[in-house]
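Here's the structure we're looking at; comments come further down.
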Amino acid sequence: MSENMSEKVSVKKPFFKSKKGIIVIIVAVVVLLLAGGGVILGSYLIPKDISGAWELVVNPEISEATRDELPEKDKVYYIFDKPDKYGRGEYRTCYQGGVEVYEYELMEKDSVTKINLGTEDMEYSISGSKLLGDAKLKIIYPRYTDEETGVTYDEQEYIFEQASDPDYENQAYKSYKTDKSIVGTEYTSNERFVSYYFYTFPYVQSVEFMSNGVMVIHYESEMLGLDRNMYYAYSAEDNVITFSLVTDKDTKYTVSYEKDENQNLKFSNDKTSDSLFADAFFGDYTFYTAENLPEAPVSSADEIYYAE
């Protein structure tokens with residue numbers, strides 16, 4: 001070989017730096033992205049999990065208007081958290097401004113998907129597309145015979161449609177005022193009682209005024225298995241509170257209040273709406289801060305609210 005002739009040396013590049021390697025990597029990444037996207041897209045096109053908000057649109061227990069005709073205060077929502085690897089999770093029921101939390105469990109028996117909402121196993125199925133917004137949930141309550149009456153009831157189908165969380169926690173009046181002296185503190189009642197026919201049940205009631213114009217009343221009773229939050233839009237001005245269920249802001253109630261020397265919240269019926277509803281909650285009643293809650297339960301007759 002001539003000394004003046006340059007020699008061409010062939011150097012082999014590492015695969016990942018070669019054009020062929022780069023192309024293979026790009027293709028692999030695209031395939032993975034499409035596969036992952038396909039899984040995500042598939043979960044919306046063909047939904048398999050129950051998580052999310054659903055509105056009850058067909059309830060065989062009652063006769064109701066169509067979804068568009070039904071007023072907001074009468075709409076029922078079920079909101080399911082994502083289940084764990086065992087198919088268990090929590091769900092909330094939202095109705096007329098009230099929210100209760102329960103547990104649920106998913107399972108498969110004899111190739112049939114079933115759900116237990118705390119009573120018994122019921123068949124369920126999901127159809128439609130979450131992506132298109134027309135997903136539907138069907139839960140079938142099985143045929144059963146009432147042990148006391150001997151009457152047999154056919155299976156009943158409950159139909160839910162994909163919906164948005166009603167978000168009761170943020171449904172304030174369009175215009176409202178708050179009182180900084182009562183915002184941010186949870187005021188608790190002493191033990192109260194509700195009577196129904198020959199039975200009397202104890203319960204505890206608390207109230208909290210949030211800065212966003214929403215008031216939360218919490219009811220709890222171990223005997224009744226009660227643990228419920230009720231949400232109200234409110235406005236506080238000149239020691240008078242105007243409030244409404246967040247689902248029915250046209251119906252308004254009023255109650256007057258003041259703070260005592262221990263910062264407890266004393267309600268008075270001198271300016272309270274002339275209604276059993278407002279009076280049952282607040283009329284002539286004191287709600288205490290945690291530090292001042294009395295130990296002895298209330299027992300006087302005028303503190304007992306009798307259920308209708």
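Along the sequence shown, residues are numbered consecutively beginning with 1.
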Donor-acceptor contact below 3.5 Å, side chain Tyr187 vs main chain Phe209: no

All side-chain hydrogen bond (donor to acceptor under 3.5 Å, both in side chains) counterparts of Tyr91, not counting sequence neighbours: none

Side-chain donor or acceptor of Glu123 paired with backbone N/O of Ile140 under 3.5 Å: no

Atom NZ of Lys138: over 12 foreign heavy atoms under 6.0 Å: no

Check: Ser211 main-chain N/O paired with Thr178 side-chain donor or acceptor under 3.5 Å: no

Arg228 backbone acceptor or donor facing His218 side chain under 3.5 Å: yes

Any side-chain donor near an acceptor of the partner, Thr145 and Thr152, under 3.5 Å: yes

Short side-chain to backbone donor-acceptor contact, Asn292 and Asn262, under 3.5 Å: yes

By salt bridge (Lys or Arg N to Asp or Glu O under 4.0 Å) - contacts of Glu155 (at least two apart): none

Within one Ile-Leu-Val-Met-Phe-Trp-Tyr cluster: Tyr102 and Leu56, side-chain cutoff 4.5 Å: yes

Side chains of Tyr95 and Glu100, donor plus acceptor under 3.5 Å: no

Backbone N/O of Tyr104 and side chain of Asn116: donor-acceptor pair under 3.5 Å: no

Check: Thr242 main-chain N/O paired with Thr254 side-chain donor or acceptor under 3.5 Å: no

Any donor-acceptor N/O pair, Tyr173 side chain to Ser244 backbone, under 3.5 Å: yes

Glu103 atom CD: more than 12 heavy-atom contacts under 6.0 Å: no

Aromatic ring pairing Tyr78/Phe80, orientation class (parallel under 30°, perpendicular over 60°, tilted between): tilted

Leu117-Val101 co-clustered via ILVMFWY side chain contacts under 4.5 Å: no

Near-ring test Phe287/Phe267, centroid separation under 6.0 angstrom: yes

Please output the side-chain donor-acceptor pairs of residues 105-115 that fall under 3.5 Å, not counting sequence neighbours, one pair per line with the distance.
| unit_1 | atom_1 | unit_2 | atom_2 | d |
| --- | --- | --- | --- | --- |
| Lys109 | NZ | Asp121 | OD2 | 2.5 |
| Thr113 | OG1 | Tyr124 | O | 2.6 |

Modelled atom types, side-chain donor and acceptor of Tyr168 and Asn229, under 3.5 Å: no

Any side-chain heavy-atom pair of Ile50 and Leu137 under 4.5 Å: yes

Asp238 side-chain N/O to Val240 backbone N/O, donor-acceptor pair under 3.5 Å: no

Verify same cluster id: Val76, Ile79 (apolar side-chain graph, 4.5 Å): no

